[in-house]
Asker: 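Let me begin by handing over the structure; questions about it come next.
Residue numbering restarts at 1 for every chain, and letters A, B, ... go by the order of the sequence lines. Worth saying up front: this structure is predicted, and the values here are computed from it rather than measured.
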Protein chains: 2
Amino acid sequence: MTITMRDVARASGVSLMTVSNVINGRPGAVGTETRLRVLEAVERLGYEVNLTARRLRNGLTGTVGLIVPRFDHPYFGELAARLATELAKTGRHLSVEQSGASAEGELAALSHARIATYDAVLLSVVGLHYDDVDKLQTSVPIVLLGEQGMPRRFDHVQLDNEAGAHLATGHLIERGARHLLIVGGGDEGRQSMTAARTRGWERAQSDAGLTPRPDGVLELAELEVACARIAVRERLAQTPEIDGIFAVTDQVAFGVMAGVHDAGLRVPEDVQIVGFDNLALGEHMTPGLTTIDPSHDWMVQRAAALIDQRIAGQDVPPQHLISPSMLVARGTTRE
Amino acid sequence: MTITMRDVARASGVSLMTVSNVINGRPGAVGTETRLRVLEAVERLGYEVNLTARRLRNGLTGTVGLIVPRFDHPYFGELAARLATELAKTGRHLSVEQSGASAEGELAALSHARIATYDAVLLSVVGLHYDDVDKLQTSVPIVLLGEQGMPRRFDHVQLDNEAGAHLATGHLIERGARHLLIVGGGDEGRQSMTAARTRGWERAQSDAGLTPRPDGVLELAELEVACARIAVRERLAQTPEIDGIFAVTDQVAFGVMAGVHDAGLRVPEDVQIVGFDNLALGEHMTPGLTTIDPSHDWMVQRAAALIDQRIAGQDVPPQHLISPSMLVARGTTRE
DNA sequence: CGGACTTTCTGCATCGTTGTAAATATTTCA
DNA sequence: TGAAATATTTACAACGATGCAGAAAGTCCG
């Protein structure tokens with residue numbers, strides 16, 4: 001049915017291995033005339049190499065896997081797009097899978113079997129548990145992305161959560177906010193992104209001589225727009241003096257903006273808001289979302305470089321890289 | 001290095017085939033005692049099946065590919081998430097790839113070689129050209145998704161663009177809009193989603209006894225938030241009498257909302273807006289985005305069912321399914 | 001003219017898994 | 001008890017591509 005190398009070999013009257021040599025452009029292994037004859041047959045029969053067979057034989061397919069918690073968060077979409085572009089520069093291809101939200105096996109995508117399908121795997125660890133990741137034992141290189149504490153034996157590219165949160169909160173204070181909320185904060189698991197950002201939020205207030213409100217941490221069941229919206233609406237009804245909100249992610253910030261509006265308050269006149277991630281859409285909200293930009297391009301470039309190194313087989317100790325972050329001031333905070 | 005079936009066989013003192021029989025749970029092919037012995041060895045050695053080898057051997061991996069134009073559009077993220085959930089019901093796994101926006105070969109993801117990696121492929125055809133898709137010649141089942149005219153020999157699940165646009169535009173008129181714009185419209189390629197939605201927009205006006213403005217079609221270089229925002233801002237400066245805008249997608253509608261705001265006008269008092277797609281975020285914009293809901297779940301279920309049929313080898317003529325759409329009225333249109 | 005090279009090409013074994021058919025062990029029943 | 005039937009287990013050959021060692025064929029030089 002499908003055309004194999006054998007068909008091409010037969011059609012051009014050479015051996016299997018010669019076809020392989022032509023296809024892979026091995027230098028000086030096949031005469032010019034033969035090469036042309038083979039290429040003609042390839043063209044004529046419409047032969048294309050079987051990546052599955054190739055991988056079984058020599059272990060590489062040129063495909064890198066990216067495993068994200070869920071497909072439908074803009075953050076991961078943007079991450080995937082950037083990574084795909086960066087990896088394309090070295091001729092690699094990106095394939096994205098989802099780890100969570102699947103019916104039965106939450107971690108099916110993390111199984112050794114699935115990972116072994118790729119030349120390397122980028123694992124977005126948001127929401128994954130340390131132990132789940134620690135179990136991973138594979139010969140395929142794995143690079144971790146994201147803001148959780150994770151086993152040190154993996155390469156890991158992340159950002160400075162505490163510093164970013166400090167920056168965000170400091171900005172709110174500088175622009176006059178005095179009654180601060182962190183939405184999506186909490187401290188379960190000192191290692192979590194949430195806890196680190198909460199620490200930054202607290203420290204920024206101490207540094208400015210403010211005492212964080214005891215009820216300042218608004219925990220969310222999920223870091224989701226709808227959750228955040230409802231929680232903020234209800235909270236503002238109880239404590240209307242709130243005038244500055246740090247949302248732990250932009251996605252949450254979108255919900256916060258809606259919630260503030262629901263409560264009949266204005267942004268930024270009554271309540272100022274800062275998010276975290278610099279999602280593309282934030283710029284086009286009304287008003288534009290002030291946020292923390294975690295140097296996405298930097299992170300993506302580092303991650304891709306690590307991938308290249310590991311695939312090339314370089315045996316250096318695990319790298320742990322931390323990206324610089326900076327503030328992008330827009331309309332949800334005052335001038 | 002890696003543990004193979006052979007290792008398990010040796011460790012439990014049985015043949016290779018017996019291990020295979022145990023792993024695949026072939027009924028009545030292996031004695032209880034032996035089964036337990038093998039399973040023990042599997043557990044102890046941490047054996048996991050090599051999907052690459054399995055695929056080479058019997059052609060199936062349980063993985064379905066979804067090819068989207070780009071990763072960073074929320075529409076595709078939501079689509080992927082829904083599909084993943086639906087496919088999980090039959091034990092299949094979804095892997096997402098990007099067709100466009102890659103450096104060299106725009107269509108690398110569409111190559112036979114890559115497609116042959118999956119049990120079946122869902123191809124989101126937005127932005128793809130008829131001819132590119134028509135070239136596809138493969139034994140892997142392909143199901144098309146999306147709103148373009150495409151070769152009839154493929155299964156295709158789409159929605160009624162013209163009817164949806166008619167519904168959206170009719171709603172604007174019913175709520176009092178008289179000077180209508182379609183943002184992202186156009187008529188290049190009668191087959192395109194854009195052209196179909198533009199027809200619906202025109203027809204709804206004729207049906208209501210209105211004459212579409214000759215300058216009513218605002219074409220965009222890309223169906224992007226930023227493009228739409230700038231175009232709308234400039235257009236409203238020229239023709240401030242515009243009081244109703246149909247945005248061809250929600251993504252465009254987000255840009256329209258920002259553009260209207262930039263122009264110093266209010267939504268919905270001065271300008272009413274309707275989008276198309278019912279993206280999750282639309283509900284949480286301020287005001288909430290009125291939009292057309294294309295019955296995503298219906299589409300996803302049909303697509304998954306088609307996949308199942310085709311993988312099972314059912315040889316029925318290509319199916320062409322059209323999803324019903326309905327209006328979701330929210331804050332960007334008046335009461 | 002013959003050995004030492006080079007160039008070009010080939011056969012074989014292999015990656016890890018599974019279908020087939022046949023071999024061996026076990027049970028059943030006359 | 002022995003033949004027939006059933007239950008387990010096995011060897012072998014694929015799937016398609018490629019690394020390796022080496023075979024032909026051609027080239028060079030003393």
Side-chain angles (χ1 to χ4, degrees), chain A residues 1-39 41-42 45-63 112-117 119 138-140, chain B residues 1-39 41-42 45-63 112-117 119 138-140:
Chain A
M1 188 73 247
T2 37
I3 296 121
T4 82
M5 256 186 190
R6 165 166 278 105
D7 299 320
V8 177
R10 245 195 301 263
S12 48
V14 296
S15 82
L16 215 57
M17 200 51 218
T18 300
V19 178
S20 175
N21 283 331
V22 172
I23 297 290
N24 294 74
R26 274 180 265 273
V30 47
T32 321
E33 190 207 341
T34 319
R35 152 172 293 112
L36 291 175
R37 199 144 39 89
V38 171
L39 286 176
V42 166
L45 301 180
Y47 169 78
E48 289 199 59
V49 60
N50 180 325
L51 291 178
T52 305
R54 175 180 285 176
R55 160 159 261 281
L56 178 59
R57 184 54 234 247
N58 66 6
L60 293 182
T61 41
T63 303
H112 178 59
R114 215 158 270 294
I115 284 181
T117 297
D119 293 352
T138 156
S139 53
V140 174
Chain B
M1 190 69 245
T2 38
I3 296 120
T4 82
M5 256 185 191
R6 166 165 277 106
D7 299 320
V8 177
R10 244 195 300 262
S12 47
V14 297
S15 82
L16 215 56
M17 200 53 219
T18 300
V19 178
S20 174
N21 283 332
V22 172
I23 296 290
N24 294 74
R26 274 179 266 270
V30 46
T32 321
E33 189 208 341
T34 319
R35 151 172 294 110
L36 291 176
R37 199 145 38 90
V38 171
L39 286 177
V42 165
L45 301 180
Y47 168 79
E48 291 201 56
V49 63
N50 179 325
L51 290 177
T52 305
R54 174 180 284 174
R55 159 158 261 282
L56 177 60
R57 183 54 234 244
N58 66 5
L60 294 182
T61 40
T63 304
H112 179 60
R114 213 157 271 294
I115 285 180
T117 297
D119 293 353
T138 155
S139 53
V140 174

Asker: Give the rounded distance in Å between these two atoms: CZ of A:Arg6 and P of D:dG16.
Answerer: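 So the two atoms are 9 Å apart, to the nearest Å.
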Asker: C:dT8 C1' sits how many Å from A:Glu33 CD, rounded?
Answerer: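 The answer, rounded to whole Å, is 12 Å.
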Asker: Using a 4.0 Å heavy-atom cut-off across all strands, classify B:Leu16 as base, sugar-phosphate, or nothing.
Answerer: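 Touches a base.
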Asker: Tell me the interatomic distance from A:His112, atom NE2, to C:dG16, atom C1', rounded to whole angstroms.
Answerer: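 Those two atoms, NE2 and C1', are 12 Å apart.
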Asker: Could you check if a side-chain atom of B:Asn50 sits within less than 4.5 angstrom of a side-chain atom of B:Thr4, using non-hydrogen atoms only?
Answerer: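 Counting from C-beta outward, B:Asn50 and B:Thr4 never come under 4.5 Å.
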Asker: Answer yes or no: does a side-chain N or O of B:Arg26 lie under 4.0 Å from OP1 or OP2 of D:dT8?
Answerer: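 The answer is no; no side-chain N or O of B:Arg26 sits under 4.0 Å from OP1 or OP2.
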Asker: From the options D:dG16, D:dT10, C:dC9, select the nucleotide whose nearest atom is closest to the side chain of A:Leu56.
Answerer: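 Selected nucleotide: D:dG16.
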Asker: Which whole-number value in Å describes the distance from A:Leu60 CG to D:dA17 P?
Answerer: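 It is 16 Å, rounded to the nearest whole Å.
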Asker: Tell me the interatomic distance from A:Leu36, atom CG, to C:dT8, atom P, rounded to whole angstroms.
Answerer: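 Going from CG in A:Leu36 over to P in C:dT8 covers 13 Å.
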Asker: Respond yes when some side-chain nitrogen or oxygen of A:Arg54 is under 4.0 Å from OP1 or OP2 of D:dT18, and no when none is.
Answerer: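 Affirmative; the distance criterion is met.
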Asker: Nearest whole Å is fine: how far is D:dA17 C1' from A:Met17 CE?
Answerer: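 These atoms are roughly 8 Å apart.
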Asker: Taking 4.0 Å as the cut-off, does a side-chain nitrogen or oxygen of B:Ser20 come that near to OP1 or OP2 on C:dT18?
Answerer: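 Answer is yes, contact under 4.0 Å.
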Asker: May I have the distance from B:Leu51 (atom CG) to C:dT17 (atom P), rounded to whole angstrom?
Answerer: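 These atoms are roughly 10 Å apart.
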Asker: B:Thr4 near the nucleic acid: base, sugar-phosphate alone, or nothing, with a heavy-atom cut-off under 4.0 Å?
Answerer: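 Here B:Thr4 touches the backbone only, sparing every base.
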Asker: Choose from C:dG11, D:dG16, D:dT18 the nucleotide whose nearest atom is closest to any side-chain atom of A:Asn50.
Answerer: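 Within the option list, the nearest is D:dG16.
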Asker: Counting side-chain heavy atoms from CB outward, which of D:dC20, C:dT18, C:dG16 is closest to B:Ala53?
Answerer: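 Of all the options, the side chain of B:Ala53 is nearest to C:dG16.
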Asker: Would you indicate, yes or no, if C:dT10 has its OP1 or OP2 atom less than 4.0 angstrom from a side-chain nitrogen or oxygen of A:Thr18?
Answerer: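 Yes.
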Asker: Verify, without hydrogens or angle tests, whether A:Arg54 (side chain) and A:Thr61 (backbone) share a donor-acceptor contact under 3.5 angstrom.
Answerer: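 Not at all, since once roles are kept as given, no pair shorter than 3.5 Å links the two residues.
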Asker: With a 4.5 Å limit on heavy-atom distance, are the side chains of B:Val38 and B:Val42 in contact?
Answerer: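 Counting from C-beta outward, B:Val38 and B:Val42 do come under 4.5 Å.
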Asker: Within this structure, what is the CE-to-P distance between B:Met5 and C:dG16, rounded to whole angstrom?
Answerer: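 Rounded to whole Å, this separation is 12 Å.
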Asker: Find out whether A:Ser12 and A:Val8 are in side-chain contact, i.e. whether some heavy atom of one side chain is under 4.5 Å from a heavy atom of the other.
Answerer: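 Yes, close enough: below the 4.5 Å cut-off.
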Asker: Are OP1 or OP2 of C:dT8 and a side-chain N or O of A:Asn21 less than 4.0 angstrom apart?
Answerer: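 Checking A:Asn21 against C:dT8: no side-chain N or O falls below 4.0 Å of OP1 or OP2.
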Asker: Identify which one of A:Thr63, A:Thr117, A:Asp119 satisfies the side-chain hydrogen bond (donor to acceptor under 3.5 Å, both in side chains) criterion when paired with A:Arg55.
Answerer: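 That would be A:Asp119.
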Asker: Any idea which of D:dA11, C:dT17, C:dT18 is nearest the B:Tyr47 side chain?
Answerer: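 Of the candidates, C:dT17 comes closest.
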Asker: Once you apply a heavy-atom cut-off of 4.0 Å, does A:Val19 come out as touching a base, just sugar-phosphate, or nothing?
Answerer: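 The answer is nothing, as A:Val19 stays clear of every strand by at least 4.0 Å.
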Asker: Nearest to the B:Arg57 side chain among D:dT18, D:dC15, C:dG11, which nucleotide is it?
Answerer: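 Closest nucleotide to the B:Arg57 side chain: D:dC15.
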Asker: Answer yes or no: does a side-chain N or O of B:Thr34 lie under 4.0 Å from OP1 or OP2 of D:dT9?
Answerer: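 Result: yes.
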Asker: Tell me if the CZ atom of B:Arg26 is crowded by more than 12 foreign heavy atoms within 6.0 Å.
Answerer: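 Correct, the count exceeds 12.
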Asker: Looking only at N and O atoms, is any donor in the side chain of A:Arg55 or the base of D:dA17 less than 3.5 Å from an acceptor on the other one?
Answerer: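 No such pair is found, so the answer is no.
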